[in-house]
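As structure tokens, the structure follows; a few thoughts come after it.
The shown structure was predicted, so the numbers you read here are calculated from the model rather than taken from an experiment. Proteins get letters first, then strands, A, B, ... in listed order; numbering begins at 1 in each.
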Protein chains: 2
Amino acid sequence: MNVPASGHRPVDERRAQLLDAALAVLREHGLAGLTTRAVTTRAGVPHGIFHYAFGSKAALVRALVERELTGATAAWDAAVATDDLETALRRALRAQLDIVRADPAHQAAMYELIRAARDDSDVSTVAWERRQYLAEIERQLGGWSQRGGVTWTAPVEHVAALVLSAADGVIQAWVADHDDERADASVDLLARAIASLARPA
Amino acid sequence: MNVPASGHRPVDERRAQLLDAALAVLREHGLAGLTTRAVTTRAGVPHGIFHYAFGSKAALVRALVERELTGATAAWDAAVATDDLETALRRALRAQLDIVRADPAHQAAMYELIRAARDDSDVSTVAWERRQYLAEIERQLGGWSQRGGVTWTAPVEHVAALVLSAADGVIQAWVADHDDERADASVDLLARAIASLARPA
DNA sequence: GTCTATAGCATGATAGAC
DNA sequence: GTCTATCATGCTATAGAC
């Protein structure tokens, strides 16, 4: 069924192979282990292919950032219509945490990718993705408060920024210590604390 | 005044020189730039000194983690006695943020150091330091609530964990985008939200 | 247009000189 | 006990073969 991976293949196919292999290497060995040789070995292609396909290692990293970060729309819509504000928030936060718990290596890889991208001053994609997140959270916060008949006592833009930052912090704490109990407690408390920033309209 | 840095010097002095140089290199060029040669060049000593003094690069990193992280007691006591709970929290959080703002390179260096230490499975010092932070925050939270005549509606241990995680998140968001306004707003809101977790005793 | 062979350099580490 | 000369390896990148 599969066409053989070896032999002369078009460069686009090589690029895809190498991007797949690069993600696998990044997950398993981290950014320090992401060398051109590790990638080509993993992909099962000769080393020279690398620079033919991408020209430089930095270009590979750029392409990987673009492919992995774009369209990674968050699961901030896990809440259901009947939930009150605090419950909706808790469900959304828990959903974010669960995504990371289900595949910690992926999250770690993304953190390192983002860091690498920033060093490469290819900030655009990363910044754009973060704005998407913020806009989505802002949208959800507006919807939940409206449905619950409450109103935010601070600009919803500021609330959204805090939610994103705090959620990131809780998730990173879990990544650091893998303490499920503490992470769950933090999510519950955070939902309560944020919900307290809304008052009856 | 200064004894010359060159010539035969005791190994302890060499170790100190190399640790100083390693921190400088880490701040300026990041973990990827922290090579044995960069360190010895920076310290102005021959390259071979490195392995005589530390035996391996990993040992240098271990020693650096120990030296930099130990005793980095947080400025969680920036609040004054007359403050109410929310004000005390806001002052403490702002103080943390200001420390990072005053020297972002140092914070970035510490993040990378901690990550390197974790990869080296030398988790002990990092975990110990985080426990110190948590204990200190817990102590302060207890003091503030007591002085304000309020009581926490959740285990103070959980509140402390959330405060630490959320503060980390806000600080890292600032490191990522350097948006002062947003960071200030997040700190203010976070203080308000956390303070709402306390009720009159 | 696709790939191979090789260059050129930086790295972490060591054997042994002083 | 302190330091120097050298090693073996792994890295990115390129010139040119097919």
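Separating the CG atom of B:Leu34 from the C1' atom of C:dA10 is a distance of 15 Å, rounded to the nearest angstrom. In this structure, A:Ile49 atom CD1 and D:dT14 atom P are separated by 16 Å, rounded to whole Å. C:dG1 atom C1' lies 14 Å from atom CD of A:Glu13, rounded to whole Å. The distance between atom NE2 of A:His8 and atom P of C:dC3, rounded to the nearest whole Å, is 5 Å. With rounding to whole Å, B:Leu31 atom CG is found 14 Å from C:dT11 atom P. If you measure from atom CZ of A:Phe54 to atom C1' of C:dT2, you get 15 Å, rounded to the nearest angstrom. For the pair B:Phe50 CZ and C:dA10 C1', the computed distance is 15 Å after rounding to whole Å.
In terms of phosphate contacts, A:His51 brings no side-chain nitrogen or oxygen within less than 4.0 Å of OP1 or OP2 of D:dT14. Within the structure, every side-chain polar atom (N or O) of A:Arg9 is placed at least 4.0 Å from both OP1 and OP2 of C:dG1. Note on A:Thr36: a side-chain N or O is less than 4.0 Å away from OP1 or OP2 of D:dT12.
Under 3.5 Å, the side chain of A:Arg37 and the base of D:dT12 form at least one donor-acceptor pair of N or O atoms. Remark: the A:His47 side chain and the C:dA5 base include no donor-acceptor N/O pair separated by less than 3.5 Å.
Under 4.0 Å is where a charged nitrogen must lie from a carboxylate oxygen, and between A:Arg27 and A:Asp103 at least one such pair does. Ion pairing between a basic and an acidic side chain is recognised when a charged N comes within 4.0 Å of a carboxylate O; B:Glu66 and B:Arg62 show no such pairing. Using a cut-off of 4.0 Å between Lys/Arg side-chain N and Asp/Glu carboxylate O, A:Asp20 and A:Arg67 are scored as salt-bridged.
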Exercise for the section: Let me see the working for B:Val163 and B:Val159 under side chain to side chain contact (heavy atoms under 4.5 Å, CB included), right down to the final yes or no. Expected result: CA-CA 6 Å; B:Val163 168; B:Val159 180; 4.3 Å; yes

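Nearer the 5' end of DNA chain D, as judged by each residue's closest nucleotide, is the contact made by A:Gly33, out of A:Gly33 and A:Tyr52.
Comparing C:dT2, D:dT4, D:dC3 by their closest approach to the side chain of B:Pro46 singles out D:dT4.
Side-chain N or O atoms of B:Glu112 include one that pairs as donor or acceptor with a backbone N or O of B:Leu31 at under 3.5 Å.
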